[in-house]
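Worksheet for the structure shown next.
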Amino acid sequence: MVNSRNITDLHPHVAKLCVAFIAACKAKDIDVIITSTYRDNDSQNALYAQGRTFPGKKVTNAKAGESFHNYRIAFDFCPVVNGKADWNNLNTFTQCGELAESLGLEWAGRWEKFKEMAHCQFTCGLTLAQLKTGKTIV
Ligand SMILES: [Zn+2]
């Protein structure tokens, strides 16, 4: 089961954007950590089971193959304040999200459904259905 937080496990183009994103945050005095990059299908299904057939809170609506993380083109981040991941600071998340957008990333903090402050992706407009057939970004 792979649930990576390594930037090198992302698609090379998205890895570059991720590095640029971290630098852009740093330039604004915001430290961020990357909490998730690539997940394999087993790992995605395990996450999906949480809050359904396994105890815990539901954390995703995506089964294997239905998350952009499965295609190496999404990552999750969290701002670090005083040495700790700060999941609750909406202002900082929004600042980071805007920096991500300025680099051409799609930030899920804007989504109306399943808003996810921590999630960024770069899909080139490809849908999951297209990715499932083996299509990939640039
Ligand atoms: Zn995510």
Side-chain angles (χ1 to χ4, degrees):
M1 235 172 30
V2 182
N3 188 358
S4 175
R5 37 176 73 189
N6 292 330
I7 294 169
T8 50
D9 285 328
L10 289 168
H11 180 287
H13 185 70
V14 182
K16 267 186 215 162
L17 289 172
C18 186
V19 168
F21 166 70
I22 294 168
C25 293
K26 187 81 191 160
K28 299 276 182 194
D29 275 331
I30 304 169
D31 285 318
V32 294
I33 49 165
I34 302 305
T35 59
S36 180
T37 55
Y38 168 64
R39 279 176 220 141
D40 70 2
N41 285 339
D42 287 348
S43 178
Q44 189 67 41
N45 278 332
L47 267 192
Y48 184 80
Q50 190 180 319
R52 293 184 173 90
T53 51
F54 279 88
K57 209 174 134 186
K58 278 186 194 174
V59 288
T60 183
N61 284 311
K63 292 183 201 175
E66 295 174 351
S67 165
F68 289 105
H69 288 279
N70 303 149
Y71 302 97
R72 304 178 187 270
I73 56 175
F75 62 85
D76 299 331
F77 69 93
C78 185
V80 176
V81 179
N82 298 325
K84 280 189 184 165
D86 184 355
W87 292 97
N88 299 313
N89 192 326
L90 293 188
N91 271 342
T92 311
F93 264 112
T94 303
Q95 256 185 291
C96 295
E98 285 170 356
L99 290 169
E101 288 173 333
S102 74
L103 295 167
L105 286 155
E106 187 180 344
W107 174 49
R110 297 269 183 233
W111 294 354
E112 309 223 327
K113 279 187 194 171
F114 314 122
K115 188 195 292 279
E116 224 193 306
M117 302 302 277
H119 178 98
C120 293
Q121 63 185 34
F122 188 81
T123 66
C124 280
L126 291 179
T127 62
L128 288 166
Q130 289 172 313
L131 289 161
K132 278 182 195 174
T133 68
K135 279 212 166 77
T136 185
I137 63 164
V138 280

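- Tyr38 and Leu126 sit in two unconnected hydrophobic clusters of ILVMFWY residues. Membership requires side-chain heavy atoms under 4.5 Å apart, directly or through other members.
- Heavy-atom contacts from other residues, nucleotides or ligands closer than 6.0 Å to NZ of Lys132 number more than 12.
- Distance alone, capped at 3.5 Å, places no donor-acceptor pair between the Asn41 side chain and the Ala64 backbone.
- Here Glu106 contributes atom CD and Thr123 contributes atom OG1; the two are 5.5 Å apart, rounded to the nearest 0.5 Å.
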Can you check side chain to side chain contact (heavy atoms under 4.5 Å, CB included) on Asp76 and Glu116, steps first, answer last?
-> CA-CA 9 Å; Asp76 299 331; Glu116 224 193 306; 3.9 Å; yes

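- Of all the heavy atoms in Arg39 and Ser67, the pair that sits closest is NH1-OG, 3.8 Å.
- Across every non-hydrogen atom of Ala24 and Leu99, the tightest pair is O-CD1, 3.7 Å.
- Annotation: side chain of Thr60 is in contact with side chain of Gln44 (closest heavy-atom distance under 4.5 Å).
- Criterion: ILVMFWY side-chain heavy atoms under 4.5 Å apart, direct or through other members. Under it, Val19 and Leu103 are part of a common hydrophobic cluster.
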Derivation and outcome, side chain to side chain donor-acceptor pair (under 3.5 Å), residues Glu98 and Trp107 = CA-CA 8 Å; Glu98 285 170 356; Trp107 174 49; over 6 Å; no

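- The CD1 atom of Ile73 sits 11.5 Å away from the CG atom of Leu17 when rounded to the nearest 0.5 Å.
- Hydrophobic cluster membership is shared by Trp87 and Val32, with clusters built from Ile, Leu, Val, Met, Phe, Trp and Tyr side chains linked at under 4.5 angstrom.
- Residues Trp111 and His119 form a side-chain contact, since some pair of their non-hydrogen atoms from C-beta on lies under 4.5 Å apart.
- Taking the side chain as every heavy atom from C-beta outward, Cys18 and Ile34 approach each other to under 4.5 Å.
- Under the 4.5 Å side-chain heavy-atom criterion for grouping Ile, Leu, Val, Met, Phe, Trp and Tyr, Leu10 is not connected to Leu47 through any hydrophobic cluster.
- Heavy-atom minimum distance, Thr35 versus Cys78: CG2-CB, 4.2 Å.
- The local environment of CG in Asn88 is sparse, with at most 12 non-hydrogen atoms from other residues, nucleotides or ligands closer than 6.0 Å.
- You'll find the side chain of Ser4 reaches within 4.5 Å of the side chain of Thr37, heavy atoms only.
- You'll find the side chain of Arg72 stays beyond 4.5 Å of the side chain of Thr136, heavy atoms only.
- Considering NZ of Lys84 and CD1 of Ile33, their distance stands at 13.0 Å, rounded to 0.5 Å.
- Put simply, the side chain of Ile30 reaches to within 4.5 Å of the side chain of Cys96, judged on heavy atoms.
- Between the Tyr71 side chain and the Gly134 main chain, no donor and acceptor come within less than 3.5 Å of each other.
- A continuous path of Ile, Leu, Val, Met, Phe, Trp and Tyr side chains, each step under 4.5 Å between heavy atoms, connects Met117 with Phe75, placing both in one hydrophobic cluster.
- Contact record, Gly56 with Gln50: CA-CG, 4.2 Å, taken as the closest heavy-atom pair.
- Residues Asp86 and Phe93 come closest through the heavy atom pair O-CE1, 3.6 Å.
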Would Phe68 and Val14 count as a side chain to side chain contact (heavy atoms under 4.5 Å, CB included) if you check the C-alpha gap in whole Å, the side-chain angles of each, and the deciding distance to 0.1 Å?
-> CA-CA 12 Å; Phe68 289 105; Val14 182; over 6 Å; no

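- Looking only at distances, a side-chain donor or acceptor of Gln130 sits under 3.5 Å from a matching main-chain atom of Thr127.
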Assess whether side chain to side chain contact (heavy atoms under 4.5 Å, CB included) is satisfied between Gln121 and Leu105, documenting all intermediate values.
-> CA-CA 6 Å; Gln121 63 185 34; Leu105 286 155; over 6 Å; no

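- The two residues Asn3 and Ser36 make their nearest non-hydrogen contact at OD1-OG, 3.7 Å.
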